[in-house]
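Numbers restart at 1 for each chain; the letters A, B, ... are given by sequence-line order, proteins then strands.
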Number of protein chains: 2
Amino acid sequence: MPSIQLDLKVPKSLSAAVEERIRDAIVNAELAFGQALPEDGVGLAMGVSRTPMREALTRLQAQGLVVIVPKKGTFVFDPSPDDVDQLAAFRLMLESEAVRLSLAVAPEAALAGLRAAHAAMEQARRAGDGRAYARADTVFHASFLGQCGNGYLAKAYESIAWQVAALRAHLSVPRLHEQDTSFSEHAAMIGHFAAGEAEALLAILSRHILRSAAVYREAIRVRAG
Amino acid sequence: MPSIQLDLKVPKSLSAAVEERIRDAIVNAELAFGQALPEDGVGLAMGVSRTPMREALTRLQAQGLVVIVPKKGTFVFDPSPDDVDQLAAFRLMLESEAVRLSLAVAPEAALAGLRAAHAAMEQARRAGDGRAYARADTVFHASFLGQCGNGYLAKAYESIAWQVAALRAHLSVPRLHEQDTSFSEHAAMIGHFAAGEAEALLAILSRHILRSAAVYREAIRVRAG
DNA sequence: CGATCGTACCTTGGATACAACAGATGTGCC
DNA sequence: GGCACATCTGTTGTATCCAAGGTACGATCG
């Protein structure tokens, strides 16, 4: 066994690179909801052919980020107000279970992840970097999942986390007031987690998730008219 | 609008047909766990080329039924005892929530589905058709999901239901005693559902799922040595 | 005899060419 | 002016070809 570890940058496959790029574009709101993604459009712009592009789109469809309509085209997913509610409900369900599990299985590791993410949130808040704050927010919630010990649960969460991130990027109105509320709620969650107070934590989590869902729902409803 | 319904067999895409065929082969135990699935092997046997085969395999990977190892090949998924436990736990979590939701949202529709499935189970049991019984069993549990009103929850369940079905086909030892227990448990669940007794139903469901998980886990452990 | 290197084969990864289908657009007729 | 039809374009669906990586086996050298 080699004693040193040189993490050689393995050139990931083109399809993986394309998938990642498009996903970033969606969750960073570079692409609008419902926007068409012809196979030879984005692909050629990146210098790749249709084959990896197709694979990337297929995988993105499995993640719910794009919708492929046979013989018509591929489009960025376009959630209805109802979708937002259902997504939030499902997210809350997964995350609640992850909280209970991680609390039972690996509370120290999860707590470390929460604190690190919260520190990153604080730094981003001081710097006024909304995007970094959002990223840290994502990491915070992913901490529960990473330590819950159930790979299927974690995978299911991943498959919707991107959609949640996209909603946040597209629909959030960055008000500092909101961010303050969010920040203190996260702090409270850490406190309850450290104390092993699952129910109190879940109450905050539920409020937290359902409140943002209401905001997104309203934003979509208004936009759609 | 045509007044008659001739369910004209829409020529689904080749990739969809291949996907379905391979999935059937896996959940019907025609293919062993870990078996290699070279792109030009199964494909050519069905007379299709590698491209639709690749798409089918990509989607099957998203469903957890196959594992694609870059530059090595594609293989039927091969769950470890731990995987079985986690899968069962996740399934129980999804299905419990679906029970609560369907009970709250559309109890009549769900109940109709349950009764229909249970009737099919009884018929299959009388006929001694184990495969038909298993299919009806799958339909029974899917009834909760179909009426829960949350598409994300239903989709997540679908994505693991195939794996559960595959476990059942590969590892079940068809003992009539087991089937009797299963049958009466399902009847009890219908009774509790009709009476709106969620907790009693969930207790049976939990026993039901965890018991079969223990069987599968043991079967895998023994097989692996 | 064993370890290591080279090579051949098998696999997937990607590109391109062709075919088929859906929708839009324009045109002619009524 | 409106409707029906043909065409035309843009898109996906499929097949085939070439390239590159990984594995296993055998040869070769110590």
Taking [X] first and then [Y], would you say they form a salt bridge - that is, a charged N and a carboxylate O separated by under 4.0 Å?
| X | Y | value |
| --- | --- | --- |
| D129(B) | R135(B) | no |
| K155(A) | E158(A) | no |
| E122(B) | R125(B) | no |

Check your understanding: Are R168(A) and T138(A) linked by a side-chain donor-acceptor pair shorter than 3.5 Å?
Key ->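 Judged by distance alone, the side chains do pair up.
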Per [X] side chain, nearest of listed nucleotides [options]:
| X | options | answer |
| --- | --- | --- |
| S13(A) | dT11(C), dC21(C), dG14(C) | dG14(C) |
| S49(B) | dA15(D), dG14(C), dT12(D) | dA15(D) |
| L14(B) | dT12(D), dT14(D), dA15(C) | dT14(D) |

Over how many whole Å does the gap from [X] atom [atom1] to [N] atom [atom2] extend?
| X | N | atom1 | atom2 | answer |
| --- | --- | --- | --- | --- |
| R59(B) | dG13(D) | CZ | C1' | 11 Å |
| L57(A) | dG13(D) | CG | P | 11 Å |
| K71(A) | dT14(D) | NZ | C1' | 9 Å |
| K12(A) | dG21(D) | NZ | P | 17 Å |
| E39(B) | dC17(D) | CD | C1' | 15 Å |
| L37(B) | dT11(C) | CG | C1' | 13 Å |
| I68(A) | dT11(D) | CD1 | C1' | 13 Å |
| M53(A) | dG13(D) | CE | P | 13 Å |

**Study point:** K72(A) or T51(A), whichever maps to the more 5' nucleotide of DNA chain C
**Key:**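 Its nucleotide being nearer the 5' end, the pick is T51(A).
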Exercise for review: Would you kindly compare T74(B) and P70(A) by the position of their nearest DNA chain C nucleotide and give the one closer to the 5′ end?
Suggested key: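 The 5'-side residue here is T74(B).
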Practice item. Check the angle between the aromatic planes of F33(B) and H170(B) and answer parallel, tilted or perpendicular using the 30° and 60° thresholds. Key: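 Because their plane-to-plane angle is under 30°, the rings of F33(B) and H170(B) count as parallel.
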Practice item. Establish, with yes or no, whether the OP1 or OP2 oxygen of dG13(D) is under 4.0 angstrom from a side-chain nitrogen or oxygen of R54(A). Key: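 Looking at the OP1 and OP2 atoms of dG13(D), one of them is under 4.0 Å from a side-chain N or O of R54(A).
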Review point. Would you say the base of dG13(C) and the side-chain of R50(B) have a donor-acceptor pair closer than 3.5 Å?
Key: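 Present.
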